[in-house]
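Step one of this worksheet: look at the structure below.
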Amino acid sequence: MSQASLSSRLDRAVDDAYDHVLGPADAEITLVEYGSYACPYCRAANEQIAAARDRFGARLRYVFRHRPIPGSEIARRAAELAERADDPERFWHAHVELMTRSETLTEDDLIAVSSDLGLAREEPEEAEEAARRAQARVEADERSARASGVMITPTFFINGRRYDGPWDESSLADAMLGRLGHR
């Protein structure tokens, strides 16, 4: 598949009731990231996203969608683990822990986040159903990533359009403000 044939648009609109969202629904800027907890670039971009959120405040809505690194079992397990969180606050806590707890994602990170989420206390049937839901959610995000032309992580979309530029704080901020002709 050539780069020219890839979509430059977000496959599906952000759904505040379904997606993992930080920021108000009426924010003027929506930044969607397709990322993987095992991706060193996603982990590095995490700091830039936090800085952008601080800088833009209520003007920015940030959305995270899963695209585990293909062939990485730990990346898939981490995504599914984050999906086991039973409310948005716990999801974002797990997300931050998985992105920042260690320099690279490890089994110890998964164990710690699983413990934080209290997964060991679940009944077996409840755990099995939660695991099925988590797997389905990650797979839905992966389908959306493919339909959106996502080939690498992190891939960002600003107000529905793919952003292919650098993601250092100033470049990303300039793109979000439309200074680079992005919007």
Side-chain angles (χ1 to χ4, degrees), residues 1 3 5-27 29-43 45-46 49-50 52-53 60-100 105 109-110 113-114 116-119 122-164 167:
M1 182 183 304
Q3 189 73 0
S5 68
L6 293 177
S7 172
S8 64
R9 297 302 238 165
L10 191 60
D11 152 68
R12 62 178 162 84
V14 172
D15 179 345
D16 288 308
Y18 178 77
D19 281 306
H20 299 296
V21 178
L22 290 173
D26 63 350
I29 304 165
T30 296
L31 176 66
V32 175
E33 175 188 4
Y34 285 93
S36 173
Y37 296 115
C39 169
Y41 303 107
C42 295
R43 295 167 76 79
N46 189 60
I49 293 163
R53 290 187 57 241
L60 176 64
R61 176 172 66 160
Y62 170 65
V63 179
F64 183 82
R65 291 181 180 171
H66 301 285
R67 189 200 179 262
I69 295 173
S72 171
E73 184 62 30
I74 196 167
R76 172 158 300 283
R77 289 178 31 233
E80 291 176 3
L81 176 60
E83 284 303 319
R84 299 284 301 275
D86 55 5
D87 65 55
E89 185 176 321
R90 288 168 49 89
F91 170 83
W92 287 110
H93 175 76
H95 173 84
V96 169
E97 285 295 306
L98 290 167
M99 283 292 188
T100 63
L105 185 66
D109 297 331
L110 299 184
V113 170
S114 178
D116 285 351
L117 293 174
L119 300 185
E122 290 181 327
E123 295 295 324
E125 288 176 8
E126 177 185 337
E128 190 175 313
E129 178 57 32
R132 267 195 301 277
R133 281 193 312 271
Q135 181 181 12
R137 172 60 183 270
V138 171
E139 289 170 356
D141 280 359
E142 287 177 304
R143 284 190 301 277
S144 174
R146 281 190 300 277
S148 298
V150 173
M151 301 295 287
I152 60 171
T153 55
T155 293
F156 296 102
F157 288 79
I158 300 171
N159 291 343
R161 291 185 55 204
R162 189 175 61 235
Y163 169 68
D164 292 321
W167 37 263

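Only a predicted model underlies this, so the values are computations on that prediction, with no experimental measurement involved.
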- Item | Gap between atom OG of S36 and atom CD1 of I152 - 0.5 Å precision | 12.5 Å

- Query: Shortest non-hydrogen contact from R90 to D87?
  - Reply: N-OD1, 2.8 Å

- Note on the structure: For E80, the salt bridge (charged side-chain N to carboxylate O under 4.0 Å, His left out) test, sequence neighbours excluded, returns R76

- Minimum heavy-atom separation for T153 to C39, with atom names? OG1-SG, 3.2 Å

- Spacing of D11 atom CG and D141 atom CG [to the nearest 0.5 Å]: 10.0 Å

- Could you give me the CA-CA distance, side-chain angles and deciding distance for R43 and L105, then say whether side chain to side chain contact (heavy atoms under 4.5 Å, CB included) is met? CA-CA 9 Å; R43 295 167 76 79; L105 185 66; 3.9 Å; yes

- Look up atom CZ in R162 and atom CZ in F156, then write down how far apart they are to the nearest 0.5 Å. 13.0 Å

- Item | CH2 on W92 to CE on M99, rounded to 0.5 Å | 9.0 Å

- Validation row: F157, V150 side chains within 4.5 angstrom (heavy atoms): yes

- Message: The test is side chain to side chain contact (heavy atoms under 4.5 Å, CB included); show your working for E89 and H93 and say whether it passes.
- Response: CA-CA 6 Å; E89 185 176 321; H93 175 76; 5.8 Å; no

- Go through the steps for H95 and N46 under the test side chain to side chain contact (heavy atoms under 4.5 Å, CB included), then give the verdict. CA-CA 10 Å; H95 173 84; N46 189 60; 3.9 Å; yes

- Item | Residues R133, E129: salt bridge by 4.0 Å N-O rule | yes

- Side chain to side chain, D109 and I74, heavy atoms closer than 4.5 Å: no

- Can you name the nearest heavy-atom pair linking A82 to A94, along with the distance? CA-CB, 4.4 Å

- Task: Check step by step if side chain to side chain contact (heavy atoms under 4.5 Å, CB included) holds for L98 and L110.
- Result: CA-CA 7 Å; L98 290 167; L110 299 184; 3.8 Å; yes

Could you pull out every donor-acceptor pair under 3.5 Å between side chains of residues 60-68 and any protein atom, sequence neighbours left out?
residue: R61; atom: NE; partner: T30; partner atom: OG1; Å: 3.1
residue: R61; atom: NH1; partner: D16; partner atom: OD1; Å: 3.2
residue: R61; atom: NH1; partner: D16; partner atom: OD2; Å: 3.0
residue: R61; atom: NH2; partner: T30; partner atom: OG1; Å: 3.1
residue: Y62; atom: OH; partner: E33; partner atom: OE1; Å: 2.4
residue: R65; atom: NE; partner: D19; partner atom: OD1; Å: 3.0
residue: R65; atom: NH1; partner: R12; partner atom: O; Å: 3.4
residue: R65; atom: NH1; partner: Y34; partner atom: OH; Å: 2.8
residue: R65; atom: NH1; partner: S144; partner atom: OG; Å: 3.4
residue: R65; atom: NH2; partner: R12; partner atom: O; Å: 3.3
residue: R65; atom: NH2; partner: A13; partner atom: O; Å: 3.4
residue: R65; atom: NH2; partner: D19; partner atom: OD2; Å: 3.0
residue: H66; atom: NE2; partner: E83; partner atom: OE2; Å: 2.7
residue: R67; atom: NH2; partner: M151; partner atom: O; Å: 3.3

- Item | Flag side-chain contact, heavy atom, 4.5 Å: E128 against E125 | no

